[in-house]
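In the text below, chain A, chain B and the rest are named by the order of the sequence lines, each starting its count at 1.
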Number of protein chains: 2
Amino acid sequence: MARSGTRSVVGQTSVAGSAETRARLVNGAIEALREEGFAGASAREIARRSGCNQGLVFYHFGSVANLLLAALDEVSAMRLAHYQAAVDKSGGLSDLVEVAEMIFEEDLDAGHIAVLAEMISGAKSTPGLGPEVVARIAPWREFTSSALRSALMNTPLSALLPPEEIAHGVVALYLGLEMLAHLDGDRSKVLALFDKVRQMTALLGAFGGAPAQKDRR
Amino acid sequence: MARSGTRSVVGQTSVAGSAETRARLVNGAIEALREEGFAGASAREIARRSGCNQGLVFYHFGSVANLLLAALDEVSAMRLAHYQAAVDKSGGLSDLVEVAEMIFEEDLDAGHIAVLAEMISGAKSTPGLGPEVVARIAPWREFTSSALRSALMNTPLSALLPPEEIAHGVVALYLGLEMLAHLDGDRSKVLALFDKVRQMTALLGAFGGAPAQKDRR
DNA sequence: GTCTATACTTGGATAGAC
DNA sequence: GTCTATCCAAGTATAGAC
């Protein structure tokens, strides 16, 4: 971690330029991870996409791996904020499933999850990267867990489906579905699956007698 | 695909040496993918693990990518045969879940699925690799689908759970769970999840009235 | 078929000019 | 803070000896 950034308290010096370059590099890194994968996300490739010089990767982030982690942080923060906003507007389990599908499609189109997937598999080849990636996945699981918890609240299902444990499966499923859909460019299989989940959810809601859909008008 | 192997009808010439070297390289490639990931599975790394020369990768397989595909073929064939044998001995849905857990743990220990995961994410950086990997995943989905079909046979669940669609989710889940478990080296989360699935299955079986466990003695 | 040697390319990382 | 130039390590791939 040679340099973690211009953290100075600066008056109003040209930090603007620096911050913008850092942002461009982070975006370039996201793009490279998404389109070329971990193995293809080299300093040169990222710099090319960022429209700036290769040496800046090392000046600002110290190493390619650090830049890639910053990219993962960026995607993670962006998406979690978005998820949270979407979930806040939803109520029961049925709502949650609908929100999940909408979010899944957005992520698929934009390749957000590909960034995570590439970092997970790339972690094997770069010493020390694993723990860093692990730490960045925890918030996803926590978010999912708490979304499930509030959706199942006051429902007979909550005894049967402990949020923490299901959340892990949901994150894994999300990751796997995204990798497969990106690989073959076919989203029909995952859409069909979401349909089934929706059906099951409706059935569970009816059976449990709990309000499966929030009453909103 | 410069050279796809000594396919000659050979009398009894020294094909033995060749075949053994090919096998060693394939095993080395599996090991490298598992432990170093796609980005770390170079010709040199594989040759080192195989105890033979780097040039042989190109002599026998034409390129590193081709060797990696051969490695995926090998793992795929090996595991599918094993899965099939295990599933053949099982009956209803409960049996299937138990078999799935056993198999999952084996795969986790041996890192078999890591090979698949690395190839999926590595496919992004190597032109032409994507479709080849896609073709090698299809059998996994087909296997899962037919295992589900026979487990759900004569069960009220079969109307609710079309095997083809669920299979895709199962494969994705399997993949995602394995990646996460390998990343953080913690299998407790996935084991807890399997416990829940087992419970749910038992409940479904009791509710549907179908034999959830095969009668075997 | 296997090994050594080597040509060529790409990538990580740093030095120094501006 | 950014760019050019450069060093060095590692990788793919091939040629040629054995």
Item checked: Interatomic distance where CZ belongs to Arg24(B) and P belongs to dT2(C) [whole Å] -> 9 Å

Could you go over nucleotides 12-18 of chain C and give all protein N or O partners under 3.5 Å, atom names and distances?
residue, atom, partner, partner atom, Å
dG12(C), OP2, Ala43(A), N, 2.8
dG12(C), N7, Arg44(A), NH1, 2.9
dG12(C), O6, Arg44(A), NH1, 3.2
dG12(C), O6, Arg44(A), NH2, 3.0
dA13(C), N7, Gln54(A), OE1, 2.9
dA13(C), N6, Gln54(A), OE1, 3.4
dA13(C), N6, Gln54(A), NE2, 2.9

Next item on the list: Report the distance from atom CD1 of Ile46(A) to atom P of dT2(D), rounded to the nearest whole Å.
Entry: 16 Å

Checklist line | Qualifying ring-ring contact (aromatic ring centres under 6.0 Å, His included) pairs, either residue in residues 64-93 of chain B, two or more places apart | finding: Tyr83(B)-Trp140(B), Tyr83(B)-Phe143(B)

Margin query: Side-chain N or O of Ser18(A) versus OP1/OP2 of dG1(D): is the shortest distance under 4.0 Å?
Written below: yes

Item checked: Nearest-Å distance for atom pair NE2/P, residues His60(A) and dG1(D) -> 6 Å

Next item on the list: Output all residues satisfying salt bridge (Lys or Arg N to Asp or Glu O under 4.0 Å) with Arg187(A), sequence neighbours left out; order by chain, then residue number.
Entry: Glu105(A), Asp109(A)

Item checked: Residues Arg141(A) and Glu164(A) bridged, charged N to O under 4.0 Å -> no

Margin query: Could you work out, with salt bridge (Lys or Arg N to Asp or Glu O under 4.0 Å) as the rule, every residue matching Glu178(A), not counting sequence neighbours?
Written below: none

Notebook entry, point to check: Between dG1(C) atom P and Phe61(B) atom CZ, what is the distance in whole Å?
Noted result: 12 Å

Check: How does DNA chain C look in dot-bracket form if you count Watson-Crick and G-U pairs under 3.5 Å, write [ ] for pairs that cross, and put | where a base pairs with another strand?
Finding: ||||||||||||||||||

Checklist line | Atom-pair distance (CG on Leu25(A); P on dG1(D)), nearest Å | finding: 13 Å

Note to self: What is the distance, to the nearest angstrom, from the CD atom on Glu45(A) to the C1' atom on dT10(C)?
What the structure shows: 12 Å

Item checked: Residues forming a salt bridge (Lys or Arg N to Asp or Glu O under 4.0 Å) with Glu36(A), sequence neighbours excluded -> Arg49(A)

Check: Distance only, no hydrogens: is a donor on one side chain within 3.5 Å (strictly under) of an acceptor on the other, for Asn27(B) and Glu31(B)?
Finding: no

Notebook entry, point to check: Between dA10(D) atom P and Glu36(B) atom CD, what is the distance in whole Å?
Noted result: 13 Å

Check: In chain order, what residues pass the ring-ring contact (aromatic ring centres under 6.0 Å, His included) check against Tyr174(B), with sequence neighbours excluded?
Finding: Phe104(B)

Margin query: According to salt bridge (Lys or Arg N to Asp or Glu O under 4.0 Å), who are the partners of Arg198(A), at least two apart in sequence or on a separate chain?
Written below: Glu101(A), Asp195(A)

Item checked: Pairs flagged by ring-ring contact (aromatic ring centres under 6.0 Å, His included) wherever residues 31-51 of chain B is involved - sequence neighbours left out -> none

